[in-house]
Amino acid sequence: GAVVSQHPSWVICKSGTSVKIECRSLDFQATTMFWYRQFPKQSLMLMATSNEGSKATYEQGVEKDKFLINHASLTLSTLTVTSAHPEDSSFYICSSKDVRQGLAQPQHFGDGTRLSIL
Amino acid sequence: GNSVTQMEGPVTLSEEAFLTINCTYTATGYPSLFWYVQYPGEGLQLLLKATKADDKGSNKGFEATYRKETTSFHLEKGSVQVSDSAVYFCALREEDAGGTSYGKLTFGQGTILTVHP
């Protein structure tokens with residue numbers, strides 16, 4: 001079964017609205033979560049690395065005031081797209097790794113959130 | 001920096017045909033290599049992985065061998081099915097010299113596979 005739950009799976013909203021996406025690790029502790037963005041027919045681009053209890057690390061070119069990340073617990077990270085506009089429409093995917101697992105074990109991905117801004 | 005290059009798609013095959021999707025990488029350290037599959041409208045699922053040179057990852061009939069000498073991790077399947085139609089991503093994760101994974105994945109651009117009956 002799924003070990004990373006992402007919610008919502010699909011959201012449509014008006015321009016100017018802020019949208020919050022949740023990423024939960026279901027049966028493991030995730031000190032680090034990753035947020036990716038995927039444009040249609042393109043690869044995943046890492047947006048930011050979310051660390052529990054500290055500020056997120058953003059990749060170059062990603063606006064941290066636009067994409068707010070909060071990782072307040074070991075099982076939950078949230079991405080808030082503030083004042084969303086049509087160009088923010090995309091597929092957002094989170095992933096995480098069970099820190100108890102051995103080295104080189106893979107990450108677990110959420111099912112993604114499709115964001116459509118009208 | 002790290003990079004992953006996949007063969008351009010889309011790839012269209014008939015059922016039971018042989019599949020190869022090429023993947024090459026550049027990395028400064030000792031990466032682990034992965035293949036992920038994304039079905040339409042869904043997130044990513046791990047297909048297979050290899051953590052060191054000459055390792056072969058395999059799952060659901062798919063195979064890929066970690067070739068350090070050619071910096072490649074080509075995906076193969078001997079007989080594809082319609083249900084294999086999806087987007088396939090090759091990815092690497094750098095492990096530092098001490099073996100502690102930072103966790104950041106670098107993805108290839110993805111290859112769309114369509115299998116016809």
Side-chain angles (χ1 to χ4, degrees), chain A residues 1-10 21 23 25 30-52 56-60 71 77 90-116, chain B residues 1-10 23 27 29-53 55 57 59 66 86-114:
Chain A
V3 295
V4 173
S5 173
Q6 192 171 336
H7 178 81
S9 57
W10 196 307
I21 302 170
C23 183
S25 57
T31 55
T32 302
M33 288 187 175
F34 304 91
W35 287 96
Y36 295 87
R37 182 175 183 176
Q38 185 182 30
F39 290 102
K41 298 185 179 181
Q42 295 189 27
S43 187
L44 279 75
M45 300 300 295
L46 180 66
M47 298 175 65
T49 303
S50 166
N51 298 296
E52 187 269 334
T57 302
Y58 290 82
E59 297 299 302
Q60 191 172 8
H71 193 160
S77 176
S90 192
F91 193 56
Y92 294 86
I93 304 176
C94 69
S95 74
S96 186
K97 185 176 180 300
D98 187 341
V99 297
R100 299 169 302 176
Q101 291 186 330
L103 298 174
Q105 292 305 308
Q107 296 176 19
H108 302 290
F109 283 84
D111 286 337
T113 297
R114 186 163 302 282
L115 176 61
S116 297
Chain B
N2 299 333
S3 68
V4 177
T5 303
Q6 290 179 234
M7 66 182 288
E8 291 189 13
C23 171
Y30 312 94
S32 295
L33 301 174
F34 305 86
W35 276 100
Y36 284 89
V37 57
Q38 185 179 32
Y39 297 101
E42 298 184 13
L44 270 68
Q45 300 176 28
L46 177 67
L47 182 60
L48 52 85
K49 65 178 176 72
T51 58
K52 59 183 187 297
D55 269 1
N59 185 27
Y66 190 142
V87 183
Y88 291 81
F89 292 95
C90 184
L92 73 78
R93 185 178 69 203
E94 186 84 44
E95 319 293 349
D96 67 24
T100 301
S101 168
Y102 175 67
K104 183 190 297 187
L105 286 167
T106 301
F107 286 90
Q109 67 269 40
T111 302
I112 299 173
L113 170 66
T114 303

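Numbers restart at 1 for each chain; the letters A, B, ... are given by sequence-line order, proteins then strands. Because only heavy atoms are used, hydrogens play no part in the values below, and waters and symmetry mates are left out as well, while side chains stay in. Just so you know, these numbers come straight off a predicted model, no measurement behind them.
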Next on the checklist: Counting only non-hydrogen atoms closer than 4.5 Å, does B:Q38 touch chain A with its backbone (N, CA, C, O), its side chain (CB onward), both, or neither?
Outcome noted: side chain
Item to check | Side chain, backbone, both or neither of B:F89 within contact of chain A (heavy atoms, under 4.5 Å) | outcome: side chain
Next on the checklist: Tell me whether B:M7 at atom CE has more than 12 heavy atoms from other residues, nucleotides or ligands lying less than 6.0 Å away.
Outcome noted: yes
Checklist entry - So, A:S43 side chain and B:G108 main chain: donor-acceptor pair closer than 3.5 Å or not? => result yes
Checklist entry - What part of A:Q6 lies closer than 4.5 angstrom to a heavy atom of chain B: side chain, backbone, both or neither? => result neither
Checklist entry - Side chain, backbone, both or neither: which part of A:L44 has an atom under 4.5 Å from a heavy atom of chain B? => result both
Checklist outcome for this item: Here the pair of heavy atoms bringing A:F109 nearest to B:L105 is CZ-CD1, 3.7 Å
Checklist entry - If you measure from CG on B:L44 to CG on A:D111, what distance do you get to the nearest 0.5 Å? => result 10.0 Å
